[in-house]
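The basis for the numbers below is simple: all heavy atoms, side chains too, and nothing from hydrogens, waters or symmetry mates. All values reported here derive from a predicted model rather than from experimental measurement. In what follows, chains are A, B, ... by sequence order, proteins preceding strands, each numbered from 1.
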Amino acid sequence: MNRTQRFGYGVASIATLLAIWYAGGITYPEVLPGLPETVDSLVTVLTTPGPYDHMFYFHVWKTIEMLFASLIVSMILGTLLGIALGRSETLESTISTWIYAWLAIPSLVIVFISAIWIGFNASSGFFAVPVVITPFVALNMWEGARNLDSDLAEMAEFFGADRVQMFTDIIVPQLAPFLFASFRSALSIGWKITLLVEAFLLTRGVGFMFRRYFDQYDLPTMMSWLIIFVVFLIVVEYGVLAPLHERVMRWRPDAEGVRVTE
Amino acid sequence: MMMAAEERSVSSETTGETLELRDIVKHYPRPGQGRIQVLDEVDLDVESGAFVSLLGPSGCGKTTLMNVISGLVEPTEGTMRRGGRDVTPNDLSLGYIFQEPRLLDWKTVAGNIEFALEARDVPESEWDERVTRYLEMVNLDTEGDNYPTRLSGGMKQRVAIARALAIEPEIILMDEPFSSLDEITARDLRQELLDIWQREQKTILFVTHDINEAVFLSDYLYMMNSNGKMFARRNIGIDRPRQYDDPEIAQREAELYREFHEHVVE
Ligand SMILES: Nc1ncnc2c1ncn2[C@@H]1O[C@H](COP(=O)(O)OP(=O)(O)O)[C@@H](O)[C@H]1O
Ligand SMILES: [Mg+2]
């Protein structure tokens with residue numbers, strides 16, 4: 001499928017969704033906010049002035065700030081933990097059970113405990129979100145580290161590669177697909193936890209907006225905030241992650257322009 | 001064991017001498033009970049400029065022996081000598097072609113060769129020239145910018161050969177390099193290898209389990225049994241260039257096969 005075709009199908013699927021939404025909003029107005037009402041409240045949300053020029057900038061920015069700060073912390077900690085687990089059998093047998101136990105703790109419990117420990121402020125979020133997503137990253141990177149090719153390490157050792165070359169040319173490229181997978185799952189889990197924190201503990205951010213309009217039974221405005229953030233996440237995926245992934249994985253045989261000779 | 005390139009001092013006084021392996025023993029601990037003996041007092045001479053083959057059944061310890069010579073594996077006992085003095089792998093100028101190409105799929109063909117040049121601390125100013133020279137030598141001069149994942153098995157192994165040659169070693173270790181290729185590709189590569197060996201005056205130690213391959217390629221060969229014991233050294237004694245369909249090759253192969261069979265299947 002070429003680019004134009006793919007774009008065409010993308011547009012068609014969005015149009016279909018909007019049509020179903022429009023029809024659904026008329027048929028079951030108590031379940032689905034009407035499309036026109038939602039557009040109205042979306043415009044209201046987008047044009048309301050506030051800090052940072054527009055009110056929605058402020059709240060979206062606060063959510064992004066908590067989400068991405070947590071992602072950075074979790075990617076670093078999770079990667080270190082995962083690699084340590086994948087490289088050391090002693091570590092693997094002593095703490096792998098704890099990773100699964102950690103994964104089994106409901107995120108809501110972590111959020112509530114953070115609030116009790118730290119208080120009803122943003123620090124709780126900056127603590128709770130990394131605590132929730134780090135084990136997912138660790139699990140992924142653990143898998144990646146377990147699958148490192150020892151033949152390649154031996155080859156590099158024979159030629160006399162130093163630590164830097166070993167790391168940048170042998171280890172990182174093998175871990176790259178796992179880094180992308182980790183980041184994507186951390187992003188999708190992390191944003192849900194960030195909303196939870198904002199809805200329960202804070203008075204700013206997209207999560208707080210949900211809570212506020214939930215309290216007012218204002219479904220169209222809640223929908224508007226959802227749309228804003230989903231659009232943001234789609235932009236991150238298609239604008240940043242996908243092109244970056246494609247670039248890093250350029251060497252893969254299933255990339256475009258495959259030419260197997262002989 | 002990291003072999004830092006700066007510690008690698010190739011003592012030129014001993015180049016040209018025969019590399020002598022004496023009483024090489026290698027044990028591996030067996031989980032639970034005792035140990036496995038992989039190499040049993042192996043003696044082997046690699047004469048300078050010779051094409052030497054090491055023939056043995058799978059699992060007899062051929063790769064282990066190559067790894068001992070290359071320094072990747074520490075022998076339990078034994079010495080390597082050259083010109084009357086003990087040498088370590090760091091004293092030798094070695095290239096290694098593994099059974100699998102072991103290329104970095106995320107680097108281009110040229111990038112793979114540069115990886116080895118960088119690891120060996122070859123000045124960056126020489127890279128282009130070496131990459132071009134050795135890719136030409138293995139007939140891959142147009143593939144420098146291509147990725148290994150887009151090459152056939154035979155071409156990948158050529159890249160591995162170019163990578164080993166690019167560090168300009170004196171002795172090249174080759175561990176069953178053609179065993180996973182189809183016979184037609186393998187024959188082409190064997191012929192090219194012989195051309196390179198003669199033109200560049202390299203010394204080659206070639207591991208195989210294929211008697212025909214060993215007879216076609218070598219000046220002399222060693223035979224090893226399943227217990228890691230070297231039981232014979234035999235000269236091939238057939239003039240070069242050799243032809244695959246030469247009856248002399250078939251006859252020598254039959255003789256050696258008989259001897260090999262007697263020792264290996266008891
Ligand atoms: N690191 C190791 N630990 C334990 N046993 C090993 C190790 N490496 C090789 N062996 C054993 O040594 C024997 C010889 O292996 P290898 O040298 O690879 O044989 P070949 O190359 O002749 O097929 C095999 O039985 C193998 O299982
Ligand atoms: Mg082997």
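Exactly one of A:Asp151, A:Asp149, A:Leu152 qualifies for a side-chain contact (heavy atoms from CB on, under 4.5 Å) with B:Glu100. That residue is A:Asp151.
Of all heavy-atom pairs spanning B:Arg163 and A:Phe159, the tightest one is NE-CE1, 3.6 Å. The heavy-atom pair separating A:Asp169 from B:Trp106 by the smallest distance is O-NE1, 2.6 Å.
Atom CZ of B:Arg30 has more than 12 heavy atoms from other residues, nucleotides or ligands within 6.0 Å. Heavy-atom contacts from other residues, nucleotides or ligands closer than 6.0 Å to CD of B:Glu129 number 12 or fewer. For A:Phe167, the CZ atom is loosely surrounded, since the number of other residues' heavy atoms within 6.0 Å does not exceed 12. Counted within 6.0 Å of CG on B:Asp86, heavy atoms from surrounding residues, nucleotides or ligands total more than 12; the atom is thus considered enclosed.
Within the 4.5 angstrom heavy-atom criterion, no atom of B:Leu117 approaches chain A. Heavy-atom distances place both the backbone and the side chain of B:Tyr96 under 4.5 Å from chain A.
Within residues 80-103 of chain A, no residue has any heavy atom closer than 4.5 Å to a heavy atom of chain B. Within residues 171-179 of chain A, the residues having any heavy atom less than 4.5 Å from a heavy atom of chain B are, in residue-number order, A:Pro173, A:Gln174.
Taking CZ from A:Arg250 and OG1 from B:Thr149, the interatomic distance works out to 11.0 Å, rounded to the nearest 0.5 Å. The CE atom of A:Met155 sits 4.5 Å away from the CZ atom of B:Phe115 when rounded to the nearest 0.5 Å.
Under a 3.5 Å cut-off, the side chain of A:Trp251 and the backbone N or O of B:Pro148 do not form any donor-acceptor pair.
Inter-residue side-chain proximity for B:Arg102 and A:Phe158 is flagged as unmet; no heavy-atom pair is nearer than 4.5 Å.
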